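Taking it in order: structure first as structure tokens, then the write-up.
Below, each value reflects all heavy atoms present in this structure, side chains not excepted, and no hydrogens, waters or symmetry copies. Note that the structure is a prediction, hence the values are computed from the model and not measured.
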Amino acid sequence: MTTPHKPQHNGLSVRASRMLDFITQYKQAHDGNAPTIREIGNAAGVSSTSLISYYIDELARAGKIRRAGLAARQIELVGGRYIPPGVEQ
């Protein structure tokens, strides 16, 4: 059985990986805007904001995201490029 803290193939814990997937999908669905800490936690089944921050920091240390300050919704994905809906690639 996999625990939330056990690394996956990509080097992230299960919860951190879920959070990254959610952040990516949310930003795609909301014109590049990031979700709130609570929205991220709800998606990953975590209610403690300090634990959510721990996993977000894990994503930042792994180079998957960048925090653009401590304000809400200041998460940028690393290694990708946002293309708004309706814009051809």
* Evaluate the criterion side-chain contact (heavy atoms from CB on, under 4.5 Å) for residue pair L59 and I75; output intermediate values, then yes/no. => CA-CA 10 Å; L59 292 171; I75 296 173; over 6 Å; no

Distance in Å, [X] [atom1] paired with [Y] [atom2], rounded so as to fall on 0.5 Å steps:
X	Y	atom1	atom2	result
M19	Y55	CE	OH	7.0 Å
I37	S48	CD1	OG	11.0 Å
I56	I23	CD1	CD1	5.5 Å

* Is there side-chain contact between L77 and L20, with at least one heavy-atom pair below 4.5 Å? ->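 They are in side-chain contact.
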
* Residue pair E39 / F22, side-chain heavy-atom distance below 4.5 Å ->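 A side-chain contact under 4.5 Å exists here.
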
* Asked: Under 6.0 Å from the CZ atom of R61, do we count more than 12 heavy atoms belonging to anything else shown?
  ->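 Result for CZ/R61: enclosed.
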
* Which heavy atom of G11 sits nearest a heavy atom of E58, and at what distance? ->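 The pair with the smallest heavy-atom distance is O-OE2, 4.5 Å.
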
* To do: Start with the C-alpha gap between R38 and I52, add the side-chain angles, then the distance that decides, and say whether side-chain contact (heavy atoms from CB on, under 4.5 Å) holds.
  => CA-CA 8 Å; R38 294 248 182 236; I52 297 164; 5.7 Å; no

* To do: Give a yes-or-no answer on whether the side chains of R73 and Y26 include a donor-acceptor pair shorter than 3.5 Å.
  =>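 The criterion, which ignores hydrogens and geometry beyond distance, is satisfied for Y26 and R73.
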
* State which residues pass side-chain hydrogen bond (donor to acceptor under 3.5 Å, both in side chains) with E76; sequence neighbours excluded, sorted by chain then number. =>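 E76: side-chain hydrogen bond (donor to acceptor under 3.5 Å, both in side chains) contacts with R66.
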
